[in-house]
> 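One structure, as structure tokens, below. Some questions next.
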Amino acid sequence: MTHGLLDDAAAGALDTPAVVVDLDRMDARIASMARLMRDRGIALRPHAKTHKSIAIARRQIEAGAVGLTVATIGEAEVFADAGFTDLFIAYPVMASGPKAGRLRELAGRCTLFVGADSTVGLEGLAAAMQGAEASLRVVIEVDSGGARTGVRPDQAGSLARRAADLGLDVSGAFTHEGHGYKGTDLRAAAGEDAADGLAVAAASLRAEGFEPTVLSAGSTPTAALSAHGVVTEERPGTYVFGDRLQAALAGEPAEDAALQVATTVVSAGPGGGFVIDAGAKILAQDVAPFIAGHGAIVGYPDAVIQRLNDHHGVVDLPAGAARPAVGTNVWVVPNHVCPVINLVDTFVVAHGGRAVDTWTVDARGRNG
């Protein structure tokens with residue numbers, strides 16, 4: 001066996017495939033990001049979609065996070081039920097159908113920030129909150145180069161004016177500098193784009209009479225790079241575990257990740273490779289142009305998980321390379337950890353090479 005997050009005996013006792021999280025590694029990552037933001041004078045609002053875990057969110061808050069970022073109303077409901085009182089749905093929520101009542105109820109029991117990037121979205125939020133005693137805090141999303149959602153930064157003020165005309169409270173602006181994921185040479189530029197874009201958005205808001213209290217950037221690979229200037233908070237998520245993509249962008253070893261998937265070799269495979277019992281239904285299908293395959297296998301740097309079926313990971317090896325025997329365990333660092341955690345109900349908690357607990361993925365499947 002090749003050591004991952006557990007010693008051989010503990011790994012051999014797992015019912016594979018199994019997601020395993022090392023507490024010491026995770027806590028070190030939580031503390032490091034909290035310390036970085038504290039030193040910069042920037043609020044930390046970690047994105048809980050990465051872990052979907054009440055226990056992990058509590059550790060982040062205890063380390064100094066001001067609140068949580070979530071992706072959906074469903075995630076927000078789970079964390080509000082657990083007592084978290086400061087939540088930001090960093091997404092252009094369309095408050096139609098059942099979402100209107102859910103959003104209204106949620107706003108009544110926590111401080112709730114919600115993203116918006118369109119008049120249609122603002123109108124839906126206003127209709128959902130009409131007559132409610134509680135209020136939403138609207139944060140205008142601006143596109144700083146990721147080309148996904150958000151208005152141009154110089155349009156933030158005009159959209160905020162529309163929000164105010166509808167009776168909504170405007171807190172500021174946010175961005176997701178997703179283009180920082182496209183390669184190591186783009187991270188620094190993406191971080192600067194986020195800070196610059198939020199500066200333009202702040203000026204646009206002030207020109208319309210709004211003094212922004214929230215100017216929020218968000219991305220793990222750019223968190224340290226955009227945390228300056230007008231930026232008031234950062235929303236990294238993946239930092240809590242790490243994954244193969246983050247390691248490649250940062251130039252770090254993938255095997256240092258705090259979350260890994262323990263698997264078993266189930267077949268010798270054709271052509272000198274092997275097959276593991278982890279397929280798309282636990283590793284997900286994310287790939288990137290600058291890393292080969294569907295995950296890194298600890299201890300086998302030349303192995304490439306060439307394809308995933310539902311429950312098979314087909315691994316290629318160079319000619320003559322040693323391969324693990326059928327029936328042994330190998331450890332996989334996923335390319336992208338966020339969808340992996342959403343594919344399981346629970347994960348094993350490791351400490352000192354031993355399995356010490358099993359924690360629930362509390363917000364699993366709460367995708368709307």
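Note that this is a predicted model, so its numbers are computed, not measured.
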> Can a salt bridge be assigned to the pair Arg206 and Glu211 using a cut-off of 4.0 Å between side-chain N and carboxylate O?
yes

> Taking Arg104 for the side chain and Ala128 for the main chain, is one N or O donor matched with an acceptor at less than 3.5 Å?
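Yes; at least one donor-acceptor contact below 3.5 Å.
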
> Between the side chain of Gln260 and the main-chain N/O of Glu255, is any donor-acceptor distance below 3.5 Å?
yes

> Whether Lys52 and Asp362 form a salt bridge (side-chain N of Lys/Arg under 4.0 Å from carboxylate O of Asp/Glu) is what I want to check.
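So Asp362 does not pair with Lys52 through a salt bridge.
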
> Measure the acute angle between the ring planes of Tyr181 and His176, then classify it against the limits of 30° and 60° as parallel, tilted or perpendicular.
tilted

> Please check: side-chain N/O of Ser226 versus main-chain N/O of Thr222, any donor-acceptor pairing under 3.5 Å?
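Yes, because the side chain of Ser226 sits within donor-acceptor range (under 3.5 Å) of the backbone of Thr222.
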
> Step by step, would you call Leu159 with Leu122 a side-chain contact (heavy atoms from CB on, under 4.5 Å)?
CA-CA 9 Å; Leu159 196 58; Leu122 291 172; 3.6 Å; yes

> Given Asp169 and Leu136, is the side-chain contact (heavy atoms from CB on, under 4.5 Å) satisfied, shown in steps?
CA-CA 6 Å; Asp169 294 332; Leu136 292 175; over 6 Å; no

> Just grab all the salt bridge (charged side-chain N to carboxylate O under 4.0 Å, His left out) pairs involving residues 109-130, residues at least two apart or on different chains.
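Sorted result for residues 109-130: Asp81-Arg109, Glu105-Arg109, Glu123-Arg162.
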
> When you compare the side chains of Trp359 and Asp357, does any donor N or O come within less than 3.5 Å of an acceptor on the partner?
yes

> Is a side-chain N or O of Arg137 found less than 3.5 angstrom from the main chain of Ser171, in a donor-acceptor match?
no

> For residues 271-288, please give each side-chain donor-acceptor pair under 3.5 Å, one per line with the distance, not counting sequence neighbours.
| unit_1 | atom_1 | unit_2 | atom_2 | d |
| --- | --- | --- | --- | --- |
| Asp277 | OD1 | Thr264 | N | 2.8 |
| Asp277 | OD2 | Thr16 | OG1 | 2.7 |
| Asp286 | OD2 | His336 | ND1 | 2.7 |

> Could you walk me through whether Asp345 and Arg364 pass the side-chain contact (heavy atoms from CB on, under 4.5 Å) check?
CA-CA 7 Å; Asp345 294 320; Arg364 188 203 173 185; 2.6 Å; yes

> Check this for me: Asp15, atom CG, are more than 12 non-hydrogen atoms of other residues, nucleotides or ligands nearer than 6.0 Å?
no

> Flag yes if more than 12 heavy atoms outside His228 fall under 6.0 Å of its NE2 atom; otherwise flag no.
yes

> Using the ring centroid of each side chain, check whether Phe174 and Phe113 are separated by less than 6.0 Å.
no

> Report the residues that fulfil ring pair (Phe, Tyr, Trp, His ring centres under 6.0 Å) with Tyr91, sequence neighbours left out, ordered by chain and then residue number.
none

> Is Asp256 paired with Arg25 through a side-chain N to carboxylate O contact shorter than 4.0 Å?
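A salt bridge is absent here (no side-chain N lies under 4.0 Å from a carboxylate O).
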
> Would you call Arg366 and Glu77 a salt bridge, using N to O less than 4.0 angstrom?
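Looking at Arg366 and Glu77, the cut-off is met.
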
> Any luck finding a side-chain donor-acceptor pair between Ser216 and Glu233 under 3.5 Å?
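Checked: Ser216/Glu233 side chains pair up, N/O donor to acceptor below 3.5 Å.
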
